[in-house]
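To keep things clear, I will list the structure first and then write my remarks on it.
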Amino acid sequence: MVRWFQEEIELPAKRRGFHLVTPDILAKLPHLAGIRVGLLHLFLQHTSASLSINENADSDVPLDLESSFSALAPESFPYRHTCEGPDDMPAHVKASLLGASLSIPIREGRLALGTWQGIYLCEHRNHGGRRRLIATIWGE
């Protein structure tokens, strides 16, 4: 029988950067264990942060990602939208590049992530505040 579950997950405020949040998400999804085959869809309800799946083994990866994205969308660019501070418009650009949602397969009650993969909250503001995710599980 196909089942649906949906949870709102609030992640604590993080500084600008790429933050591994796989354990935080899994802790809020007890229904996952009962799914033999299915999908987890994560949707971030913000426009200045994003989600990404990336390497979770080397602590240099999040630092290099942050440096790379800051070079792609620097605060020094002559943006028109500046009313929310110099880090806001670059945050929107970075969020547009990475996106607000992920779909991850579920197999035998676990996320079917690769060996070195983890879910990252990509905080693009200096002080973005708490972030909300809608997690939807579909499966049997």
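- We find the OG-NE2 distance between S96 and H92 to be 8.5 Å, quoted to the nearest 0.5 Å.
- With R125 contributing its side chain and R15 its backbone, the two residues share no donor-acceptor pair below 3.5 Å.
- Atom CZ of R110 has 12 or fewer neighbouring heavy atoms from other residues, nucleotides or ligands inside a 6.0 Å radius.
- When each of L51, N56, V21 is paired with Y120, the side chain to side chain contact (heavy atoms under 4.5 Å, CB included) condition holds for N56 and for no other.
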**Check against side-chain contact (heavy atoms from CB on, under 4.5 Å), L121 and L20** = CA-CA 6 Å; L121 170 68; L20 187 65; over 6 Å; no
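- Using a 4.0 Å cut-off between charged side-chain N and carboxylate O, R16 and E123 make no salt bridge.
- Grouping the Ile, Leu, Val, Met, Phe, Trp and Tyr side chains by contacts below 4.5 angstrom, directly or via other members, places L40 with L113.
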**Message:** Does K94 form a side-chain contact (heavy atoms from CB on, under 4.5 Å) with E66? I'd like the steps, not just the answer.
**Reply:** CA-CA 10 Å; K94 295 169 190 176; E66 173 56 33; 4.2 Å; yes
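- Two residues are said to be in side-chain contact when any heavy atoms from C-beta on lie closer than 4.5 Å; I53 and I104 meet this criterion.
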**Evaluation steps, side-chain contact (heavy atoms from CB on, under 4.5 Å), between L102 and I119** = CA-CA 9 Å; L102 298 172; I119 303 167; 3.9 Å; yes
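- Between L29 and A135, the closest heavy-atom pair is CD2-CB, 3.8 Å.
- Note that the CZ atom of F69 and the CZ atom of F18 stand 5.0 Å from one another [nearest 0.5 Å].
- A donor-acceptor pair under 3.5 Å links the side-chain atoms of H46 to the main chain of R132, judged by distance alone.
- With hydrogens and angles left out, the side-chain atoms of H124 and D87 include no donor and acceptor closer than 3.5 Å.
- Across A49 and A95, no two heavy atoms sit closer than the pair O-CB, 3.4 Å.
- The shortest non-hydrogen separation linking P74 to P90 is O-CG, 4.0 Å.
- With salt bridges taken as basic N to acidic carboxylate O contacts below 4.0 Å, one links E10 and R130.
- Across all non-hydrogen atoms, the minimal contact from H41 to S101 is NE2-CB, 3.6 Å.
- Looking at I25 and I9, their side chains come closer than 4.5 Å, going by heavy atoms from C-beta outward.
- Residue L98 comes nearest to C122 through the heavy atom pair CD1-SG, 3.8 Å, listed as atom of the first residue, atom of the second, then distance.
- Heavy atoms only, all atoms of each residue included: A73 and Y79 are closest at C-OH, 3.6 Å.
- L11 CG to K28 NZ: the interatomic distance, rounded to the nearest 0.5 Å, is 9.0 Å.
- There is no side-chain donor-acceptor pair under 3.5 Å between R131 and S50.
- Side-chain contact between Q6 and I134 is present, with heavy atoms from C-beta onward closer than 4.5 Å.
- Residues V37 and E140 form a side-chain contact, since some pair of their non-hydrogen atoms from C-beta on lies under 4.5 Å apart.
- Atom-to-atom distance recorded for E75:CD and D88:CG is 10.0 Å, nearest 0.5 angstrom.
- Here CG of L42 is found 8.0 Å from CG of L111. Values are rounded to the nearest 0.5 Å.
- Counting only heavy atoms from C-beta outward, the side chains of I137 and L39 never approach each other to under 4.5 Å.
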